[in-house]
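Working notes, beginning with the structure itself.
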There are 2 protein chains.
Amino acid sequence: MTTTSAPADTARARVERAALELFASRGFDSVPADEVADAAGISRRTFFRYYPTKADAVWGDFGAHVARLDGLLRAAGPGRPVLATICAAYAEVNDYGDADLPVLRQRMRLILTEPALQAHSQLRYAEIDRVVAEHVARSTGEDPAGLLPRLVAASTRAAATTAFAAWLADDGSDLGRQLNRAFGELAGGFPGLGD
Amino acid sequence: MTTTSAPADTARARVERAALELFASRGFDSVPADEVADAAGISRRTFFRYYPTKADAVWGDFGAHVARLDGLLRAAGPGRPVLATICAAYAEVNDYGDADLPVLRQRMRLILTEPALQAHSQLRYAEIDRVVAEHVARSTGEDPAGLLPRLVAASTRAAATTAFAAWLADDGSDLGRQLNRAFGELAGGFPGLGD
DNA sequence: GAGGCTAGTGGCACCCAGTGCCACGGAGCA
DNA sequence: TGCTCCGTGGCACTGGGTGCCACTAGCCTC
């Protein structure tokens with residue numbers, strides 16, 4: 001869940017790199033925003049102009065990420081199997097080159113383990129859920145605020161984050177494979193649980 | 001998701017009531033902790049001894065809630081259908097008398113709509129997920145940190161919060177019924193989506 | 001009953017996230 | 001040269017959260 005691999009030595013990118021590095025080595029709560037700003041060569045005030053909260057610096061250009069997901073879902077159009085489409089879209093949006101994987105791991109490790117970032121993530125996930133729920137609504141003709149679209153959005157997102165956690169816990173594994181496994185279980189209604 | 005109906009005019013309970021009332025009427029961010037403390041007749045310092053964060057005041061005694069869920073799941077024991085057990089446990093833990101429903105609505109409306117509380121909720125949900133994942137692990141003999149237990153915990157929780165949202169949006173509806181609907185869809189693997 | 005221990009409380013000072021306001025400086029243009 | 005405009009930095013302020021200390025009420029012991 002990040003931006004492209006464009007090296008781009010913009011101030012924004014420097015902030016993001018400094019944030020990941022500092023937070024990963026010393027913990028999110030132990031590094032004041034001032035220090036990240038210093039490391040990136042800007043003032044604290046400017047830091048908060050680039051990223052509205054300290055947590056946002058970890059997420060990079062997440063808006064573009066959501067927009068990309070939205071584009072893929074809209075492109076898939078209705079009529080195709082919904083869960084499979086969502087899974088494929090998640091996989092494609094999170095398909096990074098080998099060079100970018102370490103950064104992705106660092107980012108996701110922070111987001112999944114640091115409590116403050118874990119909390120913040122809910123707000124970001126809500127953006128994803130909105131986009132996914134709209135796709136389900138388009139596919140089924142329901143109201144995006146109805147139970148089914150919301151439920152599909154929330155549980156596919158649960159599948160995605162679980163896949164991320166599993167990928168993170170296993171150094172050798174492939175993210176796409178974990179996503180497929182998780183979505184497979186979900187789509188099957190969890191067979192083997194005895195219901 | 002709250003404590004029992006015990007009226008209990010303890011300072012803790014007064015804080016909780018004042019918090020719900022003030023936050024509901026003026027918004028979570030617009031009410032400083034000082035004011036909640038004042039309204040409950042205690043100092044700001046003492047407020048933060050009762051509740052470690054301002055957000056926690058909204059949740060009441062959530063630890064007891066989680067403990068109750070854990071107890072129900074352990075009591076159900078392995079061998080029973082897992083999703084059905086989880087659904088029943090969620091339903092039972094959230095089965096309030098008519099007198100307490102308005103408070104529950106107020107609480108859940110805050111948690112589901114106020115961004116700061118939405119973010120904070122993730123930390124609370126993590127406690128639930130832990131308990132549910134352990135139950136799945138007991139039932140299947142897997143590692144609680146494995147993909148399936150985590151996935152079941154995350155997606156059942158997604159079902160539960162979605163059910164809450166639907167219940168909240170529809171004044172007349174019954175929470176238990178919404179939970180059953182959501183869990184039914186989940187357990188069926190979302191038929192009718194064309195996968 | 002006096003002294004002492006303890007738990008709950010309040011006050012104070014501090015750190016830090018985030019924000020509004022203003023001042024500065026450089027780029028572009030007339 | 002003067003103008004505007006934009007990005008930046010500094011400053012001060014609000015508010016969440018915490019560590020520290022002082023006070024008090026109860027309770028226990030001698």
Side-chain angles (χ1 to χ4, degrees), chain A residues 8-63 110-111 114-124, chain B residues 8-63 110-111 113-124 126:
Chain A
D9 194 24
T10 63
R12 239 190 104 91
R14 279 202 309 276
V15 171
E16 192 189 324
R17 274 198 302 273
L20 285 177
E21 213 49 60
L22 287 169
F23 296 158
S25 68
R26 287 171 38 207
F28 183 78
D29 293 322
S30 307
V31 181
D34 310 49
E35 205 165 331
V36 180
D38 277 357
I42 59 171
S43 77
R44 162 192 167 76
R45 190 65 187 84
T46 302
F47 173 93
F48 282 111
R49 273 196 267 262
Y50 285 154
Y51 296 102
T53 72
K54 202 175 78 162
D56 284 304
V58 173
W59 289 79
D61 188 0
F62 187 70
L110 282 170
I111 291 173
E114 290 279 353
L117 291 173
Q118 219 174 314
H120 178 82
S121 68
Q122 187 76 356
L123 302 176
R124 301 265 125 181
Chain B
D9 194 24
T10 63
R12 240 190 103 93
R14 279 202 309 278
V15 171
E16 192 188 324
R17 275 198 301 273
L20 285 177
E21 214 49 60
L22 288 168
F23 295 158
S25 68
R26 286 171 37 207
F28 182 78
D29 293 322
S30 307
V31 181
D34 310 50
E35 204 165 333
V36 180
D38 277 358
I42 59 173
S43 76
R44 162 193 168 78
R45 191 63 187 84
T46 301
F47 173 93
F48 281 112
R49 273 196 267 263
Y50 285 154
Y51 297 101
T53 72
K54 200 175 79 161
D56 283 303
V58 173
W59 289 78
D61 188 0
F62 186 71
L110 282 169
I111 291 172
T113 59
E114 290 278 352
L117 291 173
Q118 218 174 317
H120 178 83
S121 69
Q122 186 77 356
L123 302 175
R124 302 264 121 181

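Lettering follows sequence order; numbering is per chain, from 1.
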Do you know which two heavy atoms are closest between [X] and [Y], and how far apart they sit?
{"X": "B:His120", "Y": "B:Thr53", "answer": "CE1-OG1, 3.6 Å"}
{"X": "A:Gln118", "Y": "B:Gln122", "answer": "O-CG, 3.3 Å"}
{"X": "B:Ala55", "Y": "B:Leu117", "answer": "CB-CD2, 3.5 Å"}

Practice problem: Look up atom CG in B:Asp61 and atom CZ in B:Arg12, then write down how far apart they are to the nearest 0.5 Å. | Solution: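 Reported value, rounded in 0.5 Å steps: 5.5 Å.
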Self-check item: salt bridge (charged side-chain N to carboxylate O under 4.0 Å, His left out) against A:Asp34, all qualifying residues, sequence neighbours excluded
Solution: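 Result, salt bridge (charged side-chain N to carboxylate O under 4.0 Å, His left out) vs A:Asp34: A:Arg44.
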Exercise. Pull out every residue in residues 40-56 of chain A that has a heavy atom closer than 4.0 Å to any atom of DNA chain D, ordered by number, or say none.
Key: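 Correct list: A:Ile42, A:Ser43, A:Arg45, A:Thr46, A:Arg49, A:Tyr50.
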Quiz item: Which is the 5'-most and which the 3'-most nucleotide of DNA chain D that has an atom under 4.0 Å from a heavy atom of chain B?
Solution: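 Using the under 4.0 Å cut-off, the span is D:dG16 to D:dC20.
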Quiz prompt | Stretch residues 24-33 of chain A: residues that reach within less than 4.0 Å of DNA chain C through a heavy atom | solution =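 When residues 24-33 of chain A is checked for heavy atoms under 4.0 Å from DNA chain C, the hits, listed by number, are A:Val31, A:Pro32, A:Ala33.
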Exercise. Return each pair, listed once, that meets ring pair (Phe, Tyr, Trp, His ring centres under 6.0 Å) where at least one residue sits in residues 24-55 of chain B; pairs must be two or more places apart or across chains.
Key: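 Counting only pairs at least two positions apart or across chains, the ring pair (Phe, Tyr, Trp, His ring centres under 6.0 Å) contacts touching residues 24-55 of chain B are B:Phe23-B:Phe28.
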Quiz item: Over how many whole Å does the gap from A:Phe23 atom CZ to C:dA17 atom C1' extend?
Solution: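 Roughly 11 Å, once rounded to whole Å.
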Quiz item: Taking only residues two or more places apart in sequence or in another chain, which ones pass side chain to side chain donor-acceptor pair (under 3.5 Å) with B:Arg124?
Solution: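 Side chain to side chain donor-acceptor pair (under 3.5 Å) check on B:Arg124 returns B:Asp56.
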Practice problem: State which residues pass side chain to side chain donor-acceptor pair (under 3.5 Å) with A:Ser43; sequence neighbours excluded, sorted by chain then number. | Solution: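 Only A:Thr46 meet the side chain to side chain donor-acceptor pair (under 3.5 Å) criterion with A:Ser43.
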Quiz prompt | side-chain hydrogen bond (donor to acceptor under 3.5 Å, both in side chains) pairs, two or more places apart, involving residues 18-31 of chain A | solution =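 Every side-chain hydrogen bond (donor to acceptor under 3.5 Å, both in side chains) pair that includes a residue of residues 18-31 of chain A, provided the two are not neighbours, is A:Arg26-A:Glu35.
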Self-check item: Residues in side-chain contact (heavy atoms from CB on, under 4.5 Å) contact with A:Ala39, at least two apart in sequence or another chain
Solution: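 In terms of side-chain contact (heavy atoms from CB on, under 4.5 Å), with neighbours along the sequence ignored, A:Ala39 is linked to A:Ala18, A:Leu22.
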